[in-house]
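All residue numbers in this chain count up from 1 along the given sequence. This one's a predicted model, so the numbers in the text were calculated from it and none came from an experiment. These numbers come from the heavy atoms of this one structure, side chains and all, not from hydrogens, waters or symmetry mates.
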Amino acid sequence: RAVWLSPTWSYHGYRFQFAEWRPSPAFRSVVQGALTQKRSFNTYGGPKACGGYHADFVAEFATSDGPVQFMVCLGCHEGLVFGPHGSSIVELSQTAYDSLLKAWRDETD
């Protein structure tokens, strides 16, 4: 809803609210822990019935090959991954999803 009622910007073709946000160190730590471990991801199971992909946040990590961005949707448990060698869709494991959702709620409440 915020995307419809405020200025936005496009990131990889997806709309985000145009506002600066500085995540807390606690949020950064949870995101880094969840998104940098192989066990946090499952094979993509196909499109969800939630009305289209809508990421809650983007996280970017520096790698030796270049930046890797994760767009995370906490509604459908999906992540879009964009890196120097292409892109992919992944499902978040239940453990990763639960930790990210809790951190997001703590951060935005």
Side-chain angles (χ1 to χ4, degrees):
R1 183 168 183 238
V3 172
W4 299 336
L5 302 175
S6 61
T8 62
W9 59 279
S10 177
Y11 197 75
H12 293 288
Y14 295 89
R15 306 304 297 171
F16 285 87
Q17 187 175 3
F18 188 78
E20 186 171 338
W21 172 52
R22 300 261 185 220
S24 69
F27 184 78
R28 287 175 181 247
S29 178
V30 169
V31 169
Q32 183 173 0
L35 299 182
T36 59
Q37 300 197 29
K38 187 176 181 178
R39 69 176 181 258
S40 293
F41 306 103
N42 297 319
T43 302
Y44 178 60
K48 308 298 182 292
C50 60
Y53 186 80
H54 50 283
D56 291 293
F57 65 89
V58 176
E60 182 171 288
F61 298 95
T63 72
S64 59
D65 289 339
V68 174
Q69 299 98 18
F70 288 88
M71 296 173 71
V72 177
C73 177
L74 296 171
C76 61
H77 301 223
E78 291 179 1
L80 301 182
V81 184
F82 300 91
H85 304 291
S87 61
S88 184
I89 304 174
V90 296
E91 303 272 347
L92 295 170
S93 70
Q94 192 63 49
T95 302
Y97 172 79
D98 290 344
S99 67
L100 290 169
L101 181 61
K102 181 184 181 323
W104 180 251
R105 286 182 175 160
D106 290 348
E107 187 77 6
T108 59
D109 284 345

Search all heavy atoms of [X] against all heavy atoms of [Y] and return the closest pair with its distance.
X	Y	answer
Thr43	Glu91	O-CG, 3.2 Å
Ser40	Ala34	OG-O, 2.6 Å
Tyr44	Lys48	CE1-NZ, 4.1 Å
Ala55	Met71	CB-CB, 3.9 Å

For this session: Keeping the roles fixed (side chain from Asp56, backbone from Leu74), state whether a donor-acceptor pair exists under 3.5 Å.
Result: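 Yes; judged by distance alone, with no hydrogens or angles, the pair exists.
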For this session: Please step through salt bridge (charged side-chain N to carboxylate O under 4.0 Å, His left out) for the pair Asp98 and Lys102, ending with a clear verdict.
Result: CA-CA 6 Å; Asp98 290 344; Lys102 181 184 181 323; over 6 Å; no
Problem set entry | Joint cluster assignment, Val72 & Val58, ILVMFWY side-chain distance < 4.5 Å | no
For this session: State yes or no: do Trp21 and Tyr11 share one hydrophobic cluster built from I, L, V, M, F, W and Y residues joined by side-chain heavy-atom distances below 4.5 Å, directly or via other members?
Result: no
Using 0.5 Å steps for rounding, measure from the [atom1] atom of [X] to the [atom2] atom of [Y].
X	Y	atom1	atom2	value
Leu92	Cys76	CG	SG	8.5 Å
Ser93	Lys38	OG	NZ	13.0 Å
Leu100	His77	CG	NE2	10.5 Å

Exercise. Yes or no on side chain to side chain contact (heavy atoms under 4.5 Å, CB included) for Phe82 and Val68, after CA distance, side-chain angles and deciding distance?
Worked result: CA-CA 6 Å; Phe82 300 91; Val68 174; over 6 Å; no
Problem set entry | Residue that, paired with Phe70, satisfies side-chain contact (heavy atoms from CB on, under 4.5 Å) out of Val90, Leu80, Val81, Thr36 | Val81
Would you list the atom pairs, donor with acceptor, under 3.5 Å between side chains in residues 23-32 and any protein atom, with sequence neighbours excluded?
residue : atom : partner : partner atom : Å
Ser24   : OG   : Phe27   : N            : 3.1
Ser24   : OG   : Glu107  : OE1          : 2.6

Exercise. So Phe57 and Trp104, would you call those rings parallel, tilted or perpendicular, with 30° and 60° as cut-offs?
Worked result: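 Rings of Phe57 and Trp104: parallel, under 30°.
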